[in-house]
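Single-structure report; data block below.
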Amino acid sequence: LHFHGPDDSFGVGWSAGIAAGLAMALGTSDAGRLGVCAADGCDRVHLDTSRNGGRRFCSTRCQNRTKNAVHRARRRSP
């Protein structure tokens, strides 16, 4: 499938493909599995593909950064 015209630039074709993918995700039963990353300062959206539907972070990097910050805060407090 192609989501762009023959004379479109790379950016236009790429954004059209992303828009079509988002429309497909919203139009399926997986729409309830879209979520926003729970890490501070991250506003990325992710599709939760885990078995139990409990994903909170967009990536392992955000998850590790958040867990490290919680660990450091716990060690600082008496």
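Reckoned from all heavy atoms, side chains included, excluding hydrogens, waters and symmetry mates.
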Looking at Arg56, I want to see if its CZ is surrounded by more than 12 non-hydrogen atoms of other residues, nucleotides or ligands under 6.0 Å. no
Tell me which pairs pass side-chain hydrogen bond (donor to acceptor under 3.5 Å, both in side chains) where either residue lies in residues 36-48, with sequence neighbours left out. Asp48-Ser50
Shortest non-hydrogen contact from Cys37 toward Phe57: SG-CA, 3.8 Å
Mind checking what makes side-chain contact (heavy atoms from CB on, under 4.5 Å) contact with Ala19, not counting sequence neighbours? none
Please table the atom pairs, donor to acceptor, closer than 3.5 Å between any side-chain atom in residues 62-74 and protein atoms at least two apart or in another chain.
residue	atom	partner	partner atom	Å
Asn64	ND2	Thr60	O	3.4
Thr66	OG1	Cys62	O	3.0
Asn68	ND2	Asn64	O	3.2

Going by the rule side-chain contact (heavy atoms from CB on, under 4.5 Å), which residues pair with Leu47 if we only count those two or more places apart in sequence or in a different chain? Asp30, Arg33, Leu34, Thr49
